[in-house]
Amino acid sequence: MRADSVLIVGAGLAGLFLALKLAPRPCVVLSQAPLGQASASAWAQGGLAAALAPGDDPALHAEDTVNAGAGLVDPAIAGLIASEGPARVMDLIALGVPFDRTPDGALAQSLEAAHSRPRVVRVSGDLAGKAIMDALILAARAAPHIEIVENVRARALLRDDTGAVRGVRTRHNGEDADFTGAETVLATGGIGGLYAVTTNPPAALGTGIGMAARAGALIADPEFVQFHPTAIDVGHDPAPLATEALRGEGAHLINAAGENFVSELAPRDVVARAIHIEREAGRGAFLDARSAVGNEFPAHFPTVFAACMSAGIDPRTQPIPVAPAAHYHMGGIVTDAWGRTTLTGLAAVGECASTSAHGANRLASNSLLEAVVFAHRIAERLRDSAAPPPTPAQPLDGPHDMPTESLTKWRAIMQAEACVVRTGAGLAKAITQIEAEEITTGETNESTLIRLILTAALARTESRGAHFRSDYPDASAPRRTFLTAAHSAASA
Ligand code: SIN
């Protein structure tokens, strides 16, 4: 690597958009799988929210973002993503993303929950993530300033004597290799794979957050995990998604008796809890798109249609069984408005970062928006920055690898105790179980993050946004959680 290269760990939307925007500064992108194969971005169905329609305004978008976040969104950051969003959509169009158009050629806008107006740009109905990633991968592979290294998994941050981050240690086929960079940017994605029921790819295990926490980075709001209300409940792992845009088109939520039990466009946490309650009560929950979409299903929602048909459900004529599933992590590595973390030399972007844009409950389709806005800002900051002098750097001891059987146990524990409805007793029990397992596995990036999530959820004795405690059903004064790995260190 050149001494002035930026090292980007992760090759989803945030990582690749940052790499492209850094031009002409050289950068190296590490991907744990062939490009596009392990990234949640490619699975995004809904699209990207931006105030582009006549009559819409970034201030209205920011207001909806703040309202959805249940008291914990920083209004300045909401304003920033809302105001910079339209320009980033134009960047994606310039990269060849074929967003859907109206018959008169304007960008088509769809409605999703808790948006006060239609403002989500999509591609072929539910294919936005795939189309965006296809365009970015093509551009990144052709860009002379980008070097892509596939099939390497980052395990630990390298730090020099001053504590500054200088790169990462990776593993491939049992061999460790170190990659250094003038600045290291984590774009490692989400955590859904830590739950037994998730819409995320299996590789989304929060490894980047665990690595950063183990190195001493400040972590914010790890207890806030968003559960998508309408994963398709056909026993698949990961669970296929039935995009919220279906409800935006008028699809209804009904129980087995055909009764509607919640307002379809209520905030995501409200809908997820309502579905959870119907299911727990044995009444079942279904998304009924028969009259709202009907025969248009294959053309308008091809991904959802294919997922339903492969499970033996024809959504043109049958309601779709749905269940909440871990979908998005609002918490993460604390960053400022330019993507800097609390560790010198380390930035974070995308789902692994906590920018204060999402609070306790992310507004639908704001995640792709946040990823591109902050990737652009980090590129602006780093494009011409000076490289630090080369210094020797080492990882912390470990971390240990996580045995597959431990992951299976941890996913079951998180699903049982840290899901849509939580209790203090359940969270305390989960912490004990994780600590007991760590006696045999040792500390892993994933177990570090799980302890952070559970510790913060136990300490938050209130209900707010996606964090609902049946033993503390009311909200108390708004406060954010800030903690380091030391706060959740195993007592065993
Ligand atoms: C969806 O299509 O429902 C998901 C969109 C999002 O998570 O923002």
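Start at 1 and go down the list; that is how both ligands and their atoms are numbered.
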Atoms in ligand 1 flagged as close to H327, the criterion being non-hydrogen separation under 4.0 Å
4 (C), 6 (C), 7 (O)

Among E244, R268, H228, which one has a heavy atom closest to atom 5 (C) of ligand 1?
R268

Among E351, H329, Q226, find the residue that satisfies the side chain to side chain donor-acceptor pair (under 3.5 Å) test when tested with R362.
Q226

H358 vs Y328, ring pair (Phe, Tyr, Trp, His ring centres under 6.0 Å): CA-CA, chis, key distance, verdict:
CA-CA 10 Å; H358 306 309; Y328 187 85; 5.3 Å; yes

Between D100 and R122, does at least one N-O distance fall below 4.0 Å, as a salt bridge requires?
no

Of all the non-hydrogen atoms in the protein, which one sits nearest to atom 2 (O) of ligand 1, and at what distance?
T243 OG1, 2.6 Å

Short list, please: which atoms of ligand 1 are under 4.0 Å from a heavy atom of S365?
6 (C), 8 (O)

Is it the case that atom CZ in F261 sees more than 12 heavy atoms from other parts of the structure closer than 6.0 Å?
yes

Report yes if R362 has an N/O atom closer than 3.5 Å to an N/O atom of ligand 1; otherwise report no.
yes

Parallel, tilted or perpendicular: ring planes of H115 versus H61, cut at 30 and 60 degrees:
tilted

Would you say ligand 1 has an N or O under 3.5 Å from any N or O of A364?
no

Determine, for E244 against R247, whether the closest basic-nitrogen to carboxylate-oxygen distance falls under 4.0 angstrom.
yes

Purely on distance, is any nitrogen or oxygen of N366 under 3.5 Å from one on ligand 1?
no

